[in-house]
**Student:** 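There's a structure below that I have some questions on.
In what follows, chains carry the letters A, B, and so on, assigned in the order in which the sequence lines appear, proteins first and then strands, with residues in each chain numbered from 1. Please read these numbers as outputs of a predicted model, since none were measured by experiment.
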There are 2 protein chains.
Amino acid sequence: MGVVDGKPGLRERKKQRTRTAISEAAITLFLEHGFNQVSVAQVAEAAEVSKRTLFAYFPTKEDLVVHRLADHETEIARVVRARPPRTAPLAAVREHFLKGLRERDPITGLNDHPQVRRVHQMILDAPSLVARMDRFKTGAEQALTQALQETADIPELTARLAAVQIVAVQWALAQDNAERLAYGEPAGERYAGAVKDAEHAFSLLENGLRQLTPRG
Amino acid sequence: MGVVDGKPGLRERKKQRTRTAISEAAITLFLEHGFNQVSVAQVAEAAEVSKRTLFAYFPTKEDLVVHRLADHETEIARVVRARPPRTAPLAAVREHFLKGLRERDPITGLNDHPQVRRVHQMILDAPSLVARMDRFKTGAEQALTQALQETADIPELTARLAAVQIVAVQWALAQDNAERLAYGEPAGERYAGAVKDAEHAFSLLENGLRQLTPRG
DNA sequence: GGGGATTTCTGCACCGGGTATACTTTTACT
DNA sequence: AGTAAAAGTATACCCGGTGCAGAAATCCCC
């Protein structure tokens, strides 16, 4: 069985091709007609594959869309683990997010390429995809919890609390950016505000909600 | 039975009875055999109602379980709105949560009545129910965002950021409590720790994550 | 290059959640 | 009593997802 260096073997190559064929057929159809308006049977047909085979590659219809984001699920956790010594986890996450803004990483919500925006809109329009994104968020929380525990020497509950706050805030920032771009604001114009908002948000995380004025 | 007090009208009363009949049949069957092991057709039959009628009362299978929690979705928002003058929103939420712990409100995760625990376990065992709870959380965030904006005079983004943090933390606390009870710890014994943890969590929320030690 | 073992793919039948339609029963109102 | 509106029902259907048994492709060793 051992192919030592170059080739993945014909079988593996074909599998990979089939996989991308299915995925691309799916995205194309979904973007054109909407997620809920296209059945998996249609996707399978477009990819020239049986329905059964489609489900051998992607466990659910939603995964046809979301599998592309799989890497991002553990991204924050990896950033925390890889932070330089004597750096606070939060600082590392903040720098990473700011870098994401600079590079217009779609995960920051600050990418206005039509393709990206359309995918985003498609997700928002399909409740089951939104639900899937929530599971995603949960995964990110868990990964971050573990990363914090293993690299910051804090109790488990504290790690969990910090993780859920960090993930929630970052998600909220991204949603806010994406919302504004959906309204037509170009990424370039939004950038400065996005940075300011991110810094505000991370400062809130660092310093707490005390500043929320009491009413009366 | 009494015929005199006919304020709601026969039609309304019958509807209400049908509704609770369906709901109770559902809970009973789900607790006995598991959420995924019981079909809505079986629930309908047990409630002596057609499948179509069941879906006229509850839009999805999951709602058969979670409709009982509908009130809690806006609970935090209401607490914030109803707080006494010159009180910080966060303080109001904290006091409310601590009161929930004292009263063993199931939403704090600190209720170990068998019925409550079984429902909780049932939800955890069914991914679609977990997803539904996430939507719930989102609803709570939105309601709280609005409440904060309207009563605390802060910008929208700040309100959103605060809201997601608060909801996330409270949720994490409840999950932690429920997890421990699931392991067999009685609510009475857990209470002190739960209070301590809650105070820790709210202090973290108030004062920020600065205290997270840098490594190196 | 042949041929068996193994993996992948396929068609088909099936299940369960959810909806459309067209019809019957029940309640409400005068 | 009689009729309009509301609620309930039966049936057939769509779609996502799975089990199964067999056909086809790939691998690997001789």
**Student:** Of all the choices, dT18(D), dT26(C), dT10(C), which nucleotide is nearest to the side chain of K14(B) once you look at every atom?
**Tutor:**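 Minimum distance to the K14(B) side chain belongs to dT26(C).
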**Student:** Taking atom types as they are modelled, would you say the side chain of R52(B) forms a donor-acceptor pair with the base of dA20(C) within the 3.5 Å cutoff?
**Tutor:** yes
**Student:** Determine whether a donor-acceptor pair (N or O, by modelled atom type, separation under 3.5 Å) exists between the side chain of T138(A) and the backbone of D134(A).
**Tutor:** yes
**Student:** Just checking F58(B): base, sugar-phosphate only, or nothing, at a heavy-atom cut-off of under 4.0 Å?
**Tutor:**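 Nothing, no nucleic acid heavy atom in range.
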**Student:** Using only atom types and a distance under 3.5 Å, with no angle test, would you say the side chain of R83(A) pairs donor to acceptor with the backbone of T151(A)?
**Tutor:** yes
**Student:** Need to verify one output field. Residue with the more 5' nearest nucleotide on DNA chain D, F35(A) or E48(B)?
**Tutor:**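 Upstream on the strand: E48(B).
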**Student:** Would you mind reading off the distance between E12(A) atom CD and dA25(D) atom P, rounded to a whole angstrom?
**Tutor:** 18 Å
**Student:** Nearest whole Å is fine: how far is dG16(D) C1' from L54(A) CG?
**Tutor:**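 One finds 11 Å between C1' of dG16(D) and CG of L54(A), rounded.
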**Student:** Determine the contact category for V38(B): base if any of its heavy atoms lies under 4.0 Å from a base atom, sugar-phosphate if only primed atoms, P, OP1 or OP2 are that close, otherwise nothing.
**Tutor:** sugar-phosphate
**Student:** What is the distance, rounded to the nearest whole Å, between atom CD of Q16(A) and atom C1' of dT8(C)?
**Tutor:**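 Q16(A) atom CD is separated from dT8(C) atom C1' by 15 Å.
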**Student:** Rounded to whole Å, how long is the line connecting atom CD of Q37(A) with atom P of dT19(C)?
**Tutor:** 14 Å
**Student:** Considering only dA10(D), dG17(C), dG16(D), which nucleotide approaches the side chain of S50(B) most closely?
**Tutor:** dA10(D)
**Student:** Answer with base, sugar-phosphate or nothing: what part of the nucleic acid does T53(B) contact at a heavy-atom distance below 4.0 Å?
**Tutor:**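 If one applies the 4.0 Å heavy-atom cut-off, T53(B) turns out to touch a base.
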**Student:** For H33(B) and dG16(C), what is the distance between atoms NE2 and P respectively, to the nearest whole Å?
**Tutor:**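 Interatomic distance, NE2 of H33(B) to P of dG16(C): 14 Å.
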**Student:** Keeping N111(B) on the side-chain end and D105(B) on the backbone end, is there a donor-acceptor pair under 3.5 Å?
**Tutor:**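 Flag not set: sc N111(B) to bb D105(B) has no pair under 3.5 Å.
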**Student:** Give every residue pair that meets the ring pair (Phe, Tyr, Trp, His ring centres under 6.0 Å) criterion with at least one member in residues 41-72 of chain B, sequence neighbours excluded.
**Tutor:** F58(B)-H67(B)
**Student:** Is a donor-acceptor pair below 3.5 Å formed from side chain K51(B) to base dG18(C), judging by atom type as modelled?
**Tutor:** yes
**Student:** To the nearest angstrom, how far is F55(B) atom CZ from dC15(D) atom P?
**Tutor:** 17 Å
**Student:** Looking only at the side chain of K61(A) (C-beta and beyond, no hydrogens), which of the listed nucleotides dG18(C), dT10(C), dG16(D) gets closest?
**Tutor:**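 Nearest to the side chain of K61(A) among the choices is dG16(D).
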**Student:** Could you tell me the separation between the CZ atom of R19(A) and the C1' atom of dT7(C), rounded to a whole number of Å?
**Tutor:**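 Interatomic distance, CZ of R19(A) to C1' of dT7(C): 18 Å.
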**Student:** Figure out the OH/P separation between Y57(B) and dA7(D), and round it to whole Å.
**Tutor:**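 So the two atoms are 7 Å apart, to the nearest Å.
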**Student:** Tell me if the CD atom of Q42(A) is crowded by more than 12 foreign heavy atoms within 6.0 Å.
**Tutor:** yes
